[in-house]
Amino acid sequence: MATCMLAHPAPNPRLSFGSKKKKLVLCSFVSSPRPSLSLSPSRSFNRIFSHYYLQRIRVKCSYATTSVPIDVDANVRTEKIVVLGGSGFVGSSICKAAVSNGIEVVSLSRSGRPSYTGAWVDQVNWVKGDVFYARWEEVLGGATAVVTTLGGFGNDEQMKRINGEANIISINAAKDFGIPKFIMISVHDYNLPSFLLNSGYFTGKRQAESELLSKYTNSGVVLRPGFIYGKRKLDGFEIPLDLIGQPLERILKASQGFTKPLSSIPGSDLILAPPVSVDDVALAVVNAVLDDGFFGVFDIEQIKEAAAKVRN
């Protein structure tokens with residue numbers, strides 16, 4: 001009598017199990033030749049366990065004309081995220097990266113479906129709306145995480161409203177509806193003196209961060225990138241920010257040994273903080289969604305490290 005055992009794959013940064021316990025499926029067959037294994041529903045074992053949802057998996061081990069079906073209940077979680085501002089520069093990149101990693105995506109933005117092209121666009125549920133008047137029960141249904149990219153410029157009151165109030169409303173709505181994780185795209189402080197950080201832009205962001213970390217103590221994620229580069233669309237035109245950001249990132253990385261002593265100078269990061277690609281920000285969000293142990297506040301270098309975990 002021989003026995004074959006199936007277990008979920010070795011730890012993978014793209015996989016996350018709520019119970020953290022290995023699930024074993026046992027089947028027996030007579031004789032030593034290798035059996036054939038079939039899974040129903042028809043999808044690969046890795047594909048099944050790359051999502052989280054409760055499903056009965058029917059495993060059949062067969063040798064020759066003899067087969068023994070075994071029904072196994074497995075707790076598997078599927079990921080569904082709601083991206084606030086999903087049609088914008090950063091938001092759309094997050095939607096694209098999430099879809100590419102098997103995550104279901106809903107976008108809520110005032111403009112609705114964007115003009116982007118690509119197969120991924122059709123896989124996102126684009127909802128047109130405003131967070132101040134959103135019907136959260138329709139938007140948040142079934143979500144496992146909310147990602148906010150909300151932010152903007154204007155006078156002090158306008159910046160406090162969009163950077164602070166809008167995000168705080170979203171955080172509280174997600175908490176009230178029992179969404180287990182909240183991820184916020186915030187901003188690097190650039191080592192600015194405190195009187196400059198009192199502007200509506202930074203004040204709003206930091207107030208929202210404080211609300212998030214108090215409501216989601218063990219699952220809230222704050223990403224603080226600096227200048228984000230990539231191909232940005234604005235009023236039908238594409239602005240190639242990567243033509244500036246990518247070489248600047250390389251130069252600053254190569255010269256870190258010389259520039260590090262200057263980091264103590266107030267405001268020095270306005271020049272010395274390395275840019276980060278929009279793809280890295282998006283992949284860092286994906287990592288935050290999939291990794292339950294990833295929470296807290298993350299700076300520019302940590303964002304790049306988180307992105308590398310998903311990319312590799």
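Tracing side-chain contacts under 4.5 Å through hydrophobic residues (I, L, V, M, F, W, Y), one reaches L283 starting from F298; they form part of the same cluster. In the hydrophobic clustering of ILVMFWY residues, with side-chain heavy atoms under 4.5 Å counting as a link, L108 and V105 come out apart. Hydrophobic clustering (side-chain heavy atoms under 4.5 Å, transitive across Ile, Leu, Val, Met, Phe, Trp, Tyr) keeps I185 apart from V146. Linking ILVMFWY side-chain heavy atoms closer than 4.5 Å, directly or via other members, places Y201 and L223 in two distinct hydrophobic clusters. Under a hydrophobic-cluster definition in which Ile, Leu, Val, Met, Phe, Trp and Tyr are linked whenever side-chain heavy atoms come within less than 4.5 Å, directly or via other members, V286 and I94 are assigned to the same cluster.
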Kindly determine whether R206 and D189 satisfy side chain to side chain contact (heavy atoms under 4.5 Å, CB included), including the steps that lead there. CA-CA 10 Å; R206 295 301 180 255; D189 63 14; 3.5 Å; yes
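Just one of S107, S92, S111 meets the side chain to side chain donor-acceptor pair (under 3.5 Å) condition when paired with S87; it is S111.
Between F182 and Y216, the two ring planes are tilted [angle within 30° to 60°].
Here the CD1 atom belonging to I300 is positioned 6.5 Å from the CG atom belonging to D269, to the nearest 0.5 angstrom. Residue D280 holds its CG atom at 7.0 Å from CD of E249, rounded to the nearest 0.5 Å.
Counting only distance, with no hydrogens or angles, the side chain of D299 and the backbone of Q302 share a donor-acceptor pair below 3.5 Å. Formation of a donor-acceptor pair under 3.5 Å by the K181 side chain with backbone atoms of I81 is not found in this model. Judged purely by atom type and a 3.5 angstrom limit, N101 uses its side chain to pair as donor or acceptor with the backbone of A97. Of the possible polar contacts, none joining the N163 side chain to the K205 backbone as a donor-acceptor pair under 3.5 Å is found.
Side-chain contact check for S170 versus W136: some heavy-atom pair is nearer than 4.5 Å. Counting only heavy atoms from C-beta outward, the side chains of N167 and L84 never approach each other to under 4.5 Å. Looking only at side-chain heavy atoms (C-beta outward), V285 and V221 stay at 4.5 Å or farther from each other.
Salt bridge status for D122 with R113: present, with a side-chain N to carboxylate O gap under 4.0 Å. Of the charged side-chain nitrogens involved, none lies within less than 4.0 Å of a carboxylate oxygen, so that K96 and D279 do not count as a salt-bridged pair.
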